[in-house]
Amino acid sequence: MTLETFSGTFGLWMGAALTLCIFSFLYKDNPFYRFAEHLFVGVSAGYWLVYNYWNIVKPNLIDPLREEQWQYLLPLVLGIFMLTRLFPNVGWLSRWAIAFMIGSGSGIMIITYLQSNFLEQIKSTLVPLDPTGQPWYVVVNNVILLVGVVSGLVYFFFSKAHTGVTGRIARIGVVFLMVSFGASFGYTVMARISLLIGRLYFLLHKCVGVI
Amino acid sequence: MSFAGARLLHISLCVLAGSLVLCGQALCQSAPPDTPPSPATDLVVKDTPDDDGGSVTLSWSLSADDKGGAKDVLSYEIRRSKSPDGPFTTIKKVLKGTSSTTDEKKVENNVDYYYQVVTKDASSETPSAVAGPVRAHVQWFNLGRLNTLLITILYTALLLYFISRAKKGEKLFVRRIAGLDALDEAVGCAPEMGKPALYVPGISTISDVATIASVNILSGVARTVADYDTRLIVPNFDPIVMTVAQEVVREGYMAAGKPEAYREEDVFYVTSSQFPFVAAVDGIMVRERPATNLFIGMFFAESLILAETGASTGAIQIAGTDAIAQLPFFIAACDYTLIGEELYAASAYLSRAPLLLGSLKGQDWMKMFLIGCIFIGLVTLNVGFAGFKSLFDLPLTIFR
């Protein structure tokens, strides 16, 4: 047996054993699950440490600084500020870095949100309701779309109590939300079943070879 | 088959082959000579609008032999020169049927360029008339995003207005959210049962709006938990979120007058891998048996695994997320779920911070504006005027 074959076979059996260890949690918590859990967490934490260095710190900070792009000193300083939490006397400096991240992140996201949740929302809801020149079921579909959007928006209106007319419209909005959640639930469960099939195929085909 | 038969067959095949060769030659001789395709016409070149320069847009009318005529056009070749007399170099090729393209190949700004579109068939080509000069420019303002700018200005103005009102101490009404009553009850259960509470702030970064809202809610939860002298466990997926969470929980305990009860080791980093994080949190749930599980923030495929494990331990569970694909799972497996914007509203309601309350009010007015736009748009669209709808195009095209 060559080294490659041995490592391949060993990896295969390790994968199968760890899969069964994780599946054993379906019965109850046990030492096998704990072993797999700790191994999983430890390996992934180590993996991400190395990944972040080679894919984020090095290309986005160390390499530009080596090329004398001194503007990258600013993120370096902010990064050092984050580490000041380890020293209580200067730990307050980390708040500057956090404030910078939250502020810049929100500022960038707000434009995306306004475009997708506002402009696109309005445009997609402006649909023809005139029955001339189009099938009746298209008109019905458009009416359902309109009622769903408006009642959903009213449900998420927080400046008025859900009583009277507002309450009744909001109730319609909840019905629309629940119907869409139900459809989404069924769709995703199907995808999850295919994941389970993939794992079972790995065990029964690659490891045991019965299928 | 006899020898004579085989020979006869061989002679027949030779005669047939000879006839085919002769036939082919006759066909070749009778075919007309290849004629070059008709040229592309009406070539227009202009600086690409609303960009940062380095681009020229070309449009032309298709050759008469593309779609119609001999239908033998295979492609168009775009050629460029800095002089109307050439030499022209090929920039790119586009397939037949294409009547516009952009040249972004090392186009220098503020330099005159001349273009030619060459129509090609299998063996010949016909150049169009030369068009130009054209210069690429940097545009200071992207008119295609004017609607986004206006909406952003309106939204910002509303936010500032309501924030200033809230800062002046004006009481801004925000309706009670049902999930918040459940949140108080859930947190209150933990001390009664002598068990800790678990708070998972999602698996996204601190720049995610859902995570920011989650941290605000965590602040209120930490204060309540400190009041009850209960332990609060906060496993984190992101190291920076962990840093913020530690800060927020510590402040919550201080605000409750019990800074000594804060345990920094209970607000900890696990890993930044999705499923190892879930495995660890599942382990915590079955070993520590928290009385209350709060899953608030941004979640992905792990939502159902977390919520199902929590349900199996008998904990009271409250979830809150704006991840639309995960909401159904939380609704199915948790006792109460803050849906989408309720998450942001909850953080404003709990903290009563003027910034958050003002933002919430501003968002409500934007929703009113949105509903108004929908109704105006529907009326105009259904009386045959589509201009109003085009105001919401991305990019905006009415100025082109």
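Numbers restart at 1 for each chain; the letters A, B, ... are given by sequence-line order, proteins then strands.
R34(A) touches chain B through backbone and side chain together, each having a heavy atom under 4.5 Å away. Residue contact with chain A, scored on non-hydrogen atoms closer than 4.5 Å, is absent for T211(B). With a 4.5 angstrom heavy-atom cutoff, L126(A) touches chain B via backbone and side-chain atoms both. Only the side chain of Y113(A) comes within contact range of chain B, with at least one heavy atom under 4.5 Å from a heavy atom of that chain. For chain B, no part of N30(A) is nearby; none of its heavy atoms comes within less than 4.5 Å. For a residue to count as touching a neighbouring chain, one of its non-hydrogen atoms must lie under 4.5 Å from one of that chain's; by this rule V43(A) does not touch chain B. Looking at M82(A), the atoms closer than 4.5 Å to chain B (heavy atoms on both sides) all sit in the side chain, from C-beta outward. Only the side chain of I212(B) comes within contact range of chain A, judged by heavy atoms closer than 4.5 Å.
Taking chain A as the reference chain and counting heavy-atom pairs below 4.5 Å, the highest number among Y349(B), F275(B), W365(B), F388(B) is found for F275(B). Heavy-atom pairs under 4.5 Å with chain B peak, among F185(A), F40(A), F181(A), F158(A), at F158(A).
Taking the charged nitrogens against the carboxylate oxygens, E341(B) and K367(B) do have a contact shorter than 4.0 Å, which makes a salt bridge.
No hydrogens or angles considered: nothing links the side chains of T321(B) and Q326(B) as a donor-acceptor pair under 3.5 Å. Between the side chains of S94(A) and T84(A), no donor-acceptor pair of N or O atoms lies under 3.5 Å.
At least one cation-pi condition fails for R95(A) and F81(A): the charged atom is not both under 6.0 angstrom from the six-membered ring centre and inside a 45 degree cone around its axis.
At distances below 3.5 Å, at least one donor-acceptor pair connects side-chain atoms of S104(A) with backbone N or O atoms of F100(A).
Residue pairs meeting the salt bridge (Lys or Arg N to Asp or Glu O under 4.0 Å) criterion with at least one partner in residues 149-176 of chain A, sequence neighbours excluded, are absent.
Taking both residues in full, the closest heavy atoms of C21(A) and A36(A) are given as CB-CB, 3.7 Å, listed atom of the first, atom of the second, then distance.
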